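Single-structure report; data block below.
Please read all numbers here as calculations on a predicted model, not as lab measurements. Each ligand, and each atom within it, is numbered from 1 in the order the structure gives.
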Amino acid sequence: MFGRDRVEYKTPEQVAVMRRAGLVVADALDAVRAAIAPGVTTAELDAVAEDVITAAGATPSFLGYHGYPASLCVSVNDEIVHGIPGPRVLQPGDVVSVDCGAVVDGWHGDSAFTVVLDPADPADLALVATTQDALWAGIAALATGDRLGAVGGAVEDVVEEAAARTGAQPFGIVEDYVGHGIGTAMHQPPDVPNYRSRDRGVRLRPGLCVAVEPMLVRGAQDNHVLADDWTVVTDDGARSAHWEHTVALLEGGIVVLTARDGGAERLRALGVEVATL
Ligand code: MF3
Ligand code: CO
């Protein structure tokens with residue numbers, strides 16, 4: 001959707017405002033995570049997020065985006081992304097992906113997580129853990145790589161390693177939806193694909209801010225949009241997971257703006273120290 005043109009490189013002061021937006025998103029997602037349980041509706045989760053965002057003096061960025069009617073996307077089971085909150089009641093064993101965005105003083109944060117409700121199918125837990133690992137490997141590649149294409153390569157490596165370790169079929173990587181630049185708009189150039197590509201992508205340099213967001217499926221990546229014009233589901237009905245963080249590149253390294261610790265713990269395990277803002 002986006003080429004490599006018109007990348008908005010941010011100053012450290014602008015990144016500091018994005019950090020405020022990122023922490024609001026982190027707070028909203030923490031509140032949603034605490035509220036998720038069988039019997040709860042996805043609309044109730046949306047209300048929880050919206051309350052946290054507005055109480056912080058921030059604005060939900062999804063609400064009204066191309067007519068989108070909610071503050072969260074809640075995508076359950078075979079829904080990959082863009083599930084609209086509503087009367088759906090969460091069930092035991094559901095795979096629930098929650099995506100949230102907020103704006104502070106015109107600057108955006110965007111993040112998502114996936115959780116499996118008990119009793120969890122071990123294959124669903126593996127899907128969710130591998131997607132989270134793929135996210136962090138992709139983020140680490142922003143620190144260790146020299147081109148943006150390093151992210152997709154790292155995601156693919158994690159998926160292949162997971163399959164080799166378990167002897168199972170590799171999870172499918174959804175290619176139709178990608179990460180993106182982020183700043184004064186939620187979606188900006190450049191695209192951040194979750195797969196290896198011949199296009200090595202833009203040079204990784206200070207000021208670049210991107211949302212990394214792998215989506216993995218237990219089956220084939222083929223998908224379609226439901227009649228509500230938003231909800232993206234797998235064609236084969238297999239379950240899907242989605243994890244996302246907003247990341248800033250600074251002179252001193254990277255910071256994960258939507259992680260409370262800036263990503264320090266997960267990135268240290270991958271040999272990457274986060275920068276200070
Ligand atoms: N947050 C999604 C993304 O990660 C986009 C949500 S689309 C919206 O890019 F319409 F729901 F806002
Ligand atoms: Co995003």
Answer yes or no: does an N/O atom from [X] fall short of 3.5 Å to an N/O atom of ligand 1?
| X | value |
| --- | --- |
| Tyr65 | no |
| Ser61 | no |
| His82 | no |

Q: Give the residue and atom name of whichever protein heavy atom lies nearest to atom 9 (O) of ligand 1, and the separation in Å to one decimal.
A: His187 NE2, 2.6 Å
Q. What protein heavy atom is closest to atom 11 (F) of ligand 1, reported as residue, atom name and distance in Å?
A. Cys73 SG, 3.2 Å
Keeping the roles fixed (side chain from [X], backbone from [Y]), state whether a donor-acceptor pair exists under 3.5 Å.
| X | Y | value |
| --- | --- | --- |
| Glu44 | Thr41 | yes |
| Glu213 | His242 | no |
| Ser75 | Gly83 | yes |
| Asp46 | Pro85 | no |
| Arg200 | Gly149 | no |

Q) Looking at the Co ion (ligand 2), is one of the N, O or S atoms of His187 less than 2.8 Å from it? A) no
By atom name, which N, O or S atom of [X] is the nearest to the Co ion (ligand 2)?
| X | value |
| --- | --- |
| Asp110 | OD2 |
| Glu244 | OE2 |
| Glu213 | OE2 |

Q: Decide whether Thr130 and Asp133 meet the rule of one side-chain donor and one side-chain acceptor closer than 3.5 Å.
A: no
Give the atom numbers and elements of ligand 1 that come within less than 4.0 Å of a heavy atom of [X].
| X | value |
| --- | --- |
| Trp230 | 10 (F) |
| His180 | 3 (C), 4 (O), 9 (O) |
| Asp110 | 1 (N), 3 (C), 4 (O), 9 (O) |
| Met186 | 12 (F) |
| Asp99 | 1 (N), 2 (C), 3 (C), 4 (O) |

Q | Within 45° cone and under 6.0 Å: Arg218 NZ/CZ vs Phe171 ring | A | no
Q) Where's the contact between His66 and ligand 1, heavy-atom distance under 4.0 Å: side chain, backbone, both or neither? A) neither
Q) Which bit of Phe62 gets closer than 4.0 Å to ligand 1, counting heavy atoms only: side chain, backbone, both or neither? A) both
Q. Rounded to the nearest 0.5 Å, how far does CD1 of Ile80 lie from CG of Asp176?
A. 8.0 Å
**Q.** Straight-line distance of Met18 CE to Cys209 SG, nearest 0.5 Å
**A.** 4.0 Å
Q) Only one of Val115, Val89, Asp124, Asn77 clears side chain to side chain contact (heavy atoms under 4.5 Å, CB included) with Asp94; which? A) Asn77
